[in-house]
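Report on the following structure.
Convention: sequence-line order gives letters A, B, ...; per-chain numbering from 1.
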Protein chains: 2
Amino acid sequence: MENMINKLEMIDTSSLVDRVEMNLIELLVKKNLKVGNAIPTEIELAGALGVSRSVIREALVRLRMIGLIESKKHRGAIITNPDLLALLEKRMIPQVLDDGTLREIFELRLVLEIGMADLIMERVTPEQIAELKKIVANEPTHTESYQFQIQHEITFHGKLYEISGNETLKKFQKMLLPVFDYVHKSGLLKKDAVVRKFVSHKGLVDIIEHGSAEMLRNGMRSHLENHFARLFH
Amino acid sequence: MENMINKLEMIDTSSLVDRVEMNLIELLVKKNLKVGNAIPTEIELAGALGVSRSVIREALVRLRMIGLIESKKHRGAIITNPDLLALLEKRMIPQVLDDGTLREIFELRLVLEIGMADLIMERVTPEQIAELKKIVANEPTHTESYQFQIQHEITFHGKLYEISGNETLKKFQKMLLPVFDYVHKSGLLKKDAVVRKFVSHKGLVDIIEHGSAEMLRNGMRSHLENHFARLFH
DNA sequence: TTTTTGCTTTATGTAAGACATAATAAAGAT
DNA sequence: ATCTTTATTATGTCTTACATAAAGCAAAAA
């Protein structure tokens, strides 16, 4: 009895749209279509695959949602260079993420900022160093509003992402921003963490100008110490 | 003339589905629905919003694609906790990503692995160290097949992601795997890089067992030196 | 009583046809 | 040649209809 059941294979329970979706992705990949190329009209696809237009439409909506195509109203769709993260951004609604995930995303930021030291040191230009100096010159004092201090943090660290020269990384950061704001405001992290300053923004700039990647990694780790402390205890 | 144009407001060019989509997201967020709660049927939603079922369906497809809801066939949809990266995974089709993005994603891996040193050192357990030792004990020699060596790389580094205790991070790695494979096989990176071994897997395990986060960061950076060299020259 | 089988209900999956509308191209007017 | 009008076309939206899978329930079988 048991072994009889085990012999049975899962039967394909995918819907028509599921198969059409796969079919279309395959088509796009196989045909090696370039960015900007138009894809056939809904009616043509429906005819070619022998399904109704509603099925095609639904499959196309999916492709659009995963960023494979871009639809122009009343004009059809074209292949697009998937902006990997623009879409993720839509899903980044802190209110609907559970606490564990929010925490993990917060960790991810720390990981990224420490890990990108090599990219920064390799690619930073003198102009960018000047810009960084200008930013830290306007560093807010402790007496200024919380919101203003946060904004300054974002400006400084955002600049670092920019210097990394990795667009994907930068988009990632942009996407994570609302989460940080939310995590800070919510009670997710222990509020009563020590607010000691370790390596300051200015210290980081000094390292970028005169130091090494290794020094920057360690400096950044120290700079983020408060955050780590709040995560680990 | 100019100031006249500036006074004009962008007119709303969104489609009905666009608005219904926003409406539904708002509904879900506002009602503070919990994971697992069912949402009204398509017909009810169509009635309530005064639009046709097809519009509702299309909006629901979008919500499903961004992971806000999960549909059970013929039974309706329920709220779900969005798996941030499951969707991204679908878009990770190396063939449709342009070279620049592929390169950036490759960099991202290096950034992550260096940056996650602190998470590893904070959370690694004695059992996990034992597992790591087992993995490096089976290290393939240079004479074994390329594919086998790659597989071993994945096993080892995958374990590190696991030890980091950050599920989001781990999913991220899983998602990036096909890209690495592709990047290696394509001519995107200079093939003739020095294939010198710096810190070995075994060296990393030693650090994890007896060293510090700082040492692990530096060790990992050294371990990945070949990759960096190929990126930076 | 327990288990199996079949029925009914319900919501979604799929189809087909119709018309509205916006973007573009073609034709016509100046 | 430039501007305006008019087709043309593909998508956007609506409607209706029917097929089908899931779930619960009732009837039948053990």
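Separating the CD atom of B/Glu58 from the P atom of D/dC14 is a distance of 11 Å, rounded to the nearest angstrom. As a whole-Å value, the separation of A/Leu45 CG from D/dT9 C1' is 16 Å. With rounding to whole Å, B/Arg19 atom CZ is found 8 Å from D/dT13 atom P. Taking atom CD1 on A/Ile56 and atom P on C/dG13, their separation rounds to 16 Å, with Å as the unit. Between the C1' atom of D/dT9 and the CD atom of A/Glu44 lies a distance of 11 Å, rounded to the nearest Å. Rounded to an integer number of Å, the gap from CD of B/Glu70 to C1' of C/dA11 is 17 Å. Between the CG atom of B/Leu49 and the C1' atom of D/dC14 there is a distance of 15 Å, given to the nearest Å. Between B/Arg57 atom CZ and C/dA15 atom P the separation is 11 Å, expressed in whole Å.
Within the 3.5 Å criterion, the main-chain N or O of B/Lys73 finds no donor-acceptor partner in the side chain of B/Ser71.
Take the nearest nucleotide of DNA chain C for A/Leu16 and for A/Lys73: the residue whose nucleotide is more 5' is A/Leu16.
Counting atom types as modelled, A/Arg53 pairs no side-chain N or O with a base atom of C/dG17 as donor and acceptor under 3.5 Å. Put simply, the side chain of A/Ser52 and the base of C/dA16 share no donor and acceptor less than 3.5 Å apart.
Checking D/dG12, C/dT14, D/dC14 against the side-chain heavy atoms of A/Ser15 singles out C/dT14 as nearest. Listed nucleotides C/dA22, D/dC14, C/dA15 differ in distance to A/His74; the shortest reach to its side chain belongs to C/dA22. Listed nucleotides: C/dA11, C/dT14, D/dT11. Nearest to the side chain of A/Ile43: D/dT11. Each of D/dC14, C/dT12, C/dA15 was ranked by its minimum atom distance to the side chain of A/Val51; first place goes to C/dA15.
For B/Arg75 and D/dA23, the shortest distance from a side-chain N or O to OP1 or OP2 is not below 4.0 Å.
The existence of a salt bridge linking B/Glu127 and B/Lys159 is excluded, since no basic side-chain nitrogen approaches an acidic carboxylate oxygen closer than 4.0 Å. Ion pair A/Lys134/A/Glu131 not flagged as a salt bridge, since none of the NZ, NE, NH1 or NH2 atoms sits closer than 4.0 Å to an Asp/Glu carboxylate oxygen. By the 4.0 Å N-to-carboxylate-O rule, A/Arg57 lies close enough to B/Glu58 to be salt-bridged with it. The pair B/Arg62-B/Asp18 meets the salt-bridge criterion, since a charged nitrogen lies less than 4.0 angstrom from a carboxylate oxygen.
Backbone-only engagement by B/Thr41 is indicated by non-hydrogen atom pairs under 4.0 Å involving sugar-phosphate atoms exclusively.
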